[in-house]
Amino acid sequence: MKLQIGILSVQGDVMENVITTQDALKELGESGEVKMVKTPQEIEQVDGLIIPGGESTMIGQLSLVNGALKKIKEKIESGMPVLGICAGLILLSKNAKDRIVGKTDQPLLDLLDVQVERNSFGRQRESFEADISMEKCGISNFKGVFIRAPSISETGSNVETISKFNDKIVAVKQGNILGTAFHPELTTDTALHKYFVSMVKQSK
Ligand code: GLN
(Lines give C-alpha, C1' and ligand atoms only; values in the text may rest on other atoms or scores of the structure.)
Protein backbone atom coordinates (compact mmCIF):
# COMPACT_ATOMS: atom_id res chain seq x y z
CA MET A 1 0.00 0.00 0.00
CA LYS A 2 1.48 3.27 -1.13
CA LEU A 3 1.54 5.99 1.52
CA GLN A 4 0.59 9.46 0.36
CA ILE A 5 2.25 12.11 2.48
CA GLY A 6 1.36 15.74 1.90
CA ILE A 7 3.47 18.80 2.63
CA LEU A 8 1.34 21.90 3.08
CA SER A 9 2.81 24.18 0.44
CA VAL A 10 1.71 27.69 1.23
CA GLN A 11 4.92 29.23 2.53
CA GLY A 12 8.02 28.20 4.44
CA ASP A 13 10.26 25.14 4.44
CA VAL A 14 8.35 23.15 1.84
CA MET A 15 11.10 21.64 -0.35
CA GLU A 16 13.26 20.71 2.64
CA ASN A 17 10.34 18.67 4.00
CA VAL A 18 9.65 17.07 0.63
CA ILE A 19 13.27 15.91 0.39
CA THR A 20 13.56 14.75 4.02
CA THR A 21 10.28 12.81 3.78
CA GLN A 22 11.37 11.18 0.51
CA ASP A 23 14.67 10.20 2.18
CA ALA A 24 12.77 8.83 5.20
CA LEU A 25 10.54 6.68 2.96
CA LYS A 26 13.57 5.39 1.07
CA GLU A 27 15.51 4.55 4.23
CA LEU A 28 12.50 2.71 5.63
CA GLY A 29 12.03 0.84 2.34
CA GLU A 30 8.46 2.11 2.30
CA SER A 31 6.70 2.76 -0.98
CA GLY A 32 5.08 6.13 -0.88
CA GLU A 33 4.67 9.44 -2.52
CA VAL A 34 5.33 12.91 -1.16
CA LYS A 35 3.03 15.55 -2.56
CA MET A 36 2.96 19.31 -2.23
CA VAL A 37 -0.62 20.14 -1.27
CA LYS A 38 -2.51 23.38 -0.87
CA THR A 39 -6.16 23.01 -1.86
CA PRO A 40 -8.88 21.12 0.05
CA GLN A 41 -9.08 18.67 -2.90
CA GLU A 42 -5.35 17.91 -2.71
CA ILE A 43 -5.42 17.61 1.07
CA GLU A 44 -8.33 15.17 0.83
CA GLN A 45 -6.04 12.67 -0.98
CA VAL A 46 -3.27 12.36 1.63
CA ASP A 47 -2.79 9.84 4.47
CA GLY A 48 -0.57 12.17 6.52
CA LEU A 49 0.31 15.86 6.43
CA ILE A 50 3.35 17.93 7.40
CA ILE A 51 2.77 21.60 8.15
CA PRO A 52 6.20 23.17 7.70
CA GLY A 53 7.89 26.00 9.51
CA GLY A 54 7.60 29.49 8.14
CA GLU A 55 5.28 32.23 9.25
CA SER A 56 2.24 30.91 11.07
CA THR A 57 0.12 34.02 10.51
CA MET A 58 0.63 33.82 6.76
CA ILE A 59 0.20 30.05 6.42
CA GLY A 60 -2.94 30.26 8.57
CA GLN A 61 -4.48 33.21 6.79
CA LEU A 62 -3.94 31.88 3.27
CA SER A 63 -5.16 28.41 4.26
CA LEU A 64 -8.25 29.93 5.82
CA VAL A 65 -9.12 31.84 2.67
CA ASN A 66 -8.91 28.83 0.31
CA GLY A 67 -10.75 26.45 2.63
CA ALA A 68 -7.67 24.30 3.37
CA LEU A 69 -7.76 24.97 7.11
CA LYS A 70 -11.25 23.51 7.43
CA LYS A 71 -10.30 20.40 5.44
CA ILE A 72 -7.09 19.90 7.45
CA LYS A 73 -9.05 20.15 10.69
CA GLU A 74 -11.66 17.61 9.54
CA LYS A 75 -8.97 15.14 8.46
CA ILE A 76 -6.98 15.43 11.70
CA GLU A 77 -10.17 15.01 13.71
CA SER A 78 -10.89 11.83 11.81
CA GLY A 79 -7.42 10.45 12.64
CA MET A 80 -4.99 11.60 9.93
CA PRO A 81 -1.49 11.93 11.42
CA VAL A 82 -0.02 15.42 11.24
CA LEU A 83 3.44 16.79 11.99
CA GLY A 84 3.52 20.50 12.74
CA ILE A 85 6.95 22.10 12.66
CA CYS A 86 7.53 25.46 14.34
CA ALA A 87 4.91 27.63 12.59
CA GLY A 88 3.03 24.36 11.96
CA LEU A 89 3.04 23.62 15.69
CA ILE A 90 1.63 27.09 16.33
CA LEU A 91 -1.14 26.51 13.78
CA LEU A 92 -2.16 23.23 15.38
CA SER A 93 -2.49 24.75 18.84
CA LYS A 94 -5.56 25.87 20.73
CA ASN A 95 -3.86 29.00 22.08
CA ALA A 96 -0.91 31.03 20.88
CA LYS A 97 0.54 34.28 22.00
CA ASP A 98 3.71 36.12 21.16
CA ARG A 99 6.37 36.50 23.87
CA ILE A 100 6.53 40.26 23.31
CA VAL A 101 3.28 41.42 21.70
CA GLY A 102 0.97 38.94 23.46
CA LYS A 103 -2.21 37.66 21.86
CA THR A 104 -2.19 37.87 18.07
CA ASP A 105 -5.45 37.45 16.27
CA GLN A 106 -4.37 34.65 13.95
CA PRO A 107 -6.28 31.65 12.59
CA LEU A 108 -5.48 28.42 14.46
CA LEU A 109 -6.60 24.84 13.92
CA ASP A 110 -7.54 24.71 17.61
CA LEU A 111 -6.72 21.00 18.00
CA LEU A 112 -3.54 20.58 20.04
CA ASP A 113 -4.35 21.27 23.66
CA VAL A 114 -1.43 23.53 24.47
CA GLN A 115 -0.60 27.15 25.07
CA VAL A 116 2.17 28.17 22.68
CA GLU A 117 4.51 31.08 23.20
CA ARG A 118 5.65 32.38 19.80
CA ASN A 119 9.22 33.58 19.33
CA SER A 120 9.95 32.14 22.76
CA PHE A 121 13.74 32.13 22.35
CA GLY A 122 14.04 35.58 20.79
CA ARG A 123 14.40 36.97 17.31
CA GLN A 124 16.02 35.69 14.12
CA ARG A 125 19.52 36.56 15.33
CA GLU A 126 18.93 34.49 18.47
CA SER A 127 18.46 31.36 16.34
CA PHE A 128 20.55 28.41 17.53
CA GLU A 129 21.19 24.68 17.38
CA ALA A 130 21.06 22.40 20.40
CA ASP A 131 21.29 18.69 21.14
CA ILE A 132 17.98 17.37 22.30
CA SER A 133 16.50 13.97 22.95
CA MET A 134 13.13 12.43 22.10
CA GLU A 135 13.28 9.10 23.94
CA LYS A 136 9.54 8.52 23.59
CA CYS A 137 10.03 8.49 19.81
CA GLY A 138 13.06 6.21 20.11
CA ILE A 139 15.45 9.07 19.26
CA SER A 140 18.10 9.61 21.90
CA ASN A 141 20.14 12.31 20.25
CA PHE A 142 18.93 14.84 17.70
CA LYS A 143 20.15 18.22 16.52
CA GLY A 144 17.41 20.74 17.14
CA VAL A 145 17.53 23.75 14.83
CA PHE A 146 15.61 26.61 16.44
CA ILE A 147 14.69 29.61 14.25
CA ARG A 148 12.44 32.16 15.91
CA ALA A 149 11.08 29.09 17.59
CA PRO A 150 8.05 28.84 19.81
CA SER A 151 7.87 26.85 23.02
CA ILE A 152 4.96 25.30 24.85
CA SER A 153 4.09 26.89 28.16
CA GLU A 154 1.07 24.78 29.14
CA THR A 155 -0.14 21.34 28.13
CA GLY A 156 -3.50 19.64 28.54
CA SER A 157 -3.72 16.26 30.29
CA ASN A 158 -3.89 14.38 26.97
CA VAL A 159 -0.63 15.90 25.69
CA GLU A 160 2.66 14.02 26.08
CA THR A 161 5.88 16.00 26.41
CA ILE A 162 8.38 14.55 23.94
CA SER A 163 11.28 16.92 24.44
CA LYS A 164 12.44 19.82 26.56
CA PHE A 165 15.25 22.30 26.12
CA ASN A 166 16.33 24.58 28.98
CA ASP A 167 13.17 23.67 30.89
CA LYS A 168 10.97 24.72 27.97
CA ILE A 169 8.80 22.14 26.20
CA VAL A 170 9.85 21.93 22.54
CA ALA A 171 8.12 18.78 21.23
CA VAL A 172 4.75 17.23 22.05
CA LYS A 173 2.40 14.50 20.95
CA GLN A 174 -1.34 14.24 21.33
CA GLY A 175 -2.54 11.05 19.63
CA ASN A 176 -2.16 11.56 15.88
CA ILE A 177 -0.71 15.06 16.33
CA LEU A 178 3.06 15.54 16.62
CA GLY A 179 4.56 19.01 17.00
CA THR A 180 8.11 20.30 17.22
CA ALA A 181 9.37 23.81 17.91
CA PHE A 182 12.60 23.03 16.02
CA HIS A 183 13.21 22.13 12.36
CA PRO A 184 14.00 18.43 11.74
CA GLU A 185 14.06 19.05 7.96
CA LEU A 186 17.11 21.31 8.33
CA THR A 187 19.42 18.51 9.46
CA THR A 188 20.65 15.46 7.58
CA ASP A 189 19.06 13.27 10.25
CA THR A 190 15.78 11.75 9.01
CA ALA A 191 14.90 10.13 12.35
CA LEU A 192 11.90 12.29 13.18
CA HIS A 193 10.49 12.13 9.66
CA LYS A 194 10.89 8.34 9.81
CA TYR A 195 8.97 8.32 13.08
CA PHE A 196 6.22 10.35 11.41
CA VAL A 197 6.13 8.01 8.39
CA SER A 198 5.63 5.11 10.82
CA MET A 199 2.71 6.98 12.44
CA VAL A 200 1.15 7.38 8.97
CA LYS A 201 1.72 3.72 8.16
CA GLN A 202 0.10 2.59 11.40
CA SER A 203 -2.95 4.75 10.79
CA LYS A 204 -3.62 3.22 7.35
N1 GLN B 1 8.11 32.68 14.62
C2 GLN B 1 7.36 32.06 13.55
C3 GLN B 1 5.86 32.20 13.80
O4 GLN B 1 5.49 32.62 14.85
C5 GLN B 1 7.73 30.61 13.41
C6 GLN B 1 9.15 30.48 12.96
C7 GLN B 1 9.47 29.25 12.21
O8 GLN B 1 8.58 28.52 11.75
N9 GLN B 1 10.73 29.01 12.02
O10 GLN B 1 5.09 31.87 12.94
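Counting starts at 1 for both ligands and their atoms, in listed order. Heavy atoms only: backbone and side chains are in, while hydrogens, waters and symmetry mates are out.
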Under 4.0 Å from a heavy atom of Gly54: give me the atoms of ligand 1 that qualify, with their elements. 2 (C), 5 (C), 6 (C), 7 (C), 8 (O), 10 (O)
Between the candidates Leu186, Val116, Asn119, Ile51, which shows the shortest non-hydrogen contact distance to atom 1 (N) of ligand 1? Asn119
Residue Gly53 vicinity, atoms of ligand 1 by number, heavy atom under 4.0 Å: 8 (O)
Thr57-ligand 1 polar pair, N/O distance under 3.5 Å: no
Is there a donor-acceptor contact under 3.5 Å from the side chain of Lys173 to the main chain of Gly175? yes
For Ser56, the atoms of ligand 1 under 4.0 Å from one of its heavy atoms are 3 (C), 4 (O), 10 (O)
Check the surroundings of atom NZ in Lys164: do more than 12 heavy atoms from other residues, nucleotides or ligands lie under 6.0 Å from it? no
Please state which part of Arg148 comes within less than 4.0 Å of ligand 1, counting heavy atoms only: side chain, backbone, both or neither. both
Shortest heavy-atom approach to atom 4 (O) of ligand 1 - which of Arg118, Gln11, Gln106, Arg123: Arg118
At under 4.0 Å between heavy atoms, is it the side chain or the backbone of Ile90 that contacts ligand 1, or both, or neither? side chain
Do you know which of Ile85, Ile7, Leu83 makes side chain to side chain contact (heavy atoms under 4.5 Å, CB included) with Glu185? Ile85
What is the ring orientation for Phe142 with Phe182, classed by angle as parallel under 30°, tilted 30 to 60°, or perpendicular over 60°? tilted
Looking at Lys38, I'd like to know if its NZ atom is crowded, meaning that more than 12 non-hydrogen atoms belonging to other residues, nucleotides or ligands lie closer than 6.0 Å. no
Short N-O contact, Lys71 and Glu74, less than 4.0 angstrom: yes
Look at atom 7 (C) of ligand 1 and find which of Pro150, Gly88, Cys86, Ala149 reaches it with the closest heavy atom. Cys86
Within one Ile-Leu-Val-Met-Phe-Trp-Tyr cluster: Ile19 and Leu186, side-chain cutoff 4.5 Å: no
Of Glu117, His183, Met58, Glu55, the one whose closest heavy atom lies nearest atom 9 (N) of ligand 1 is His183
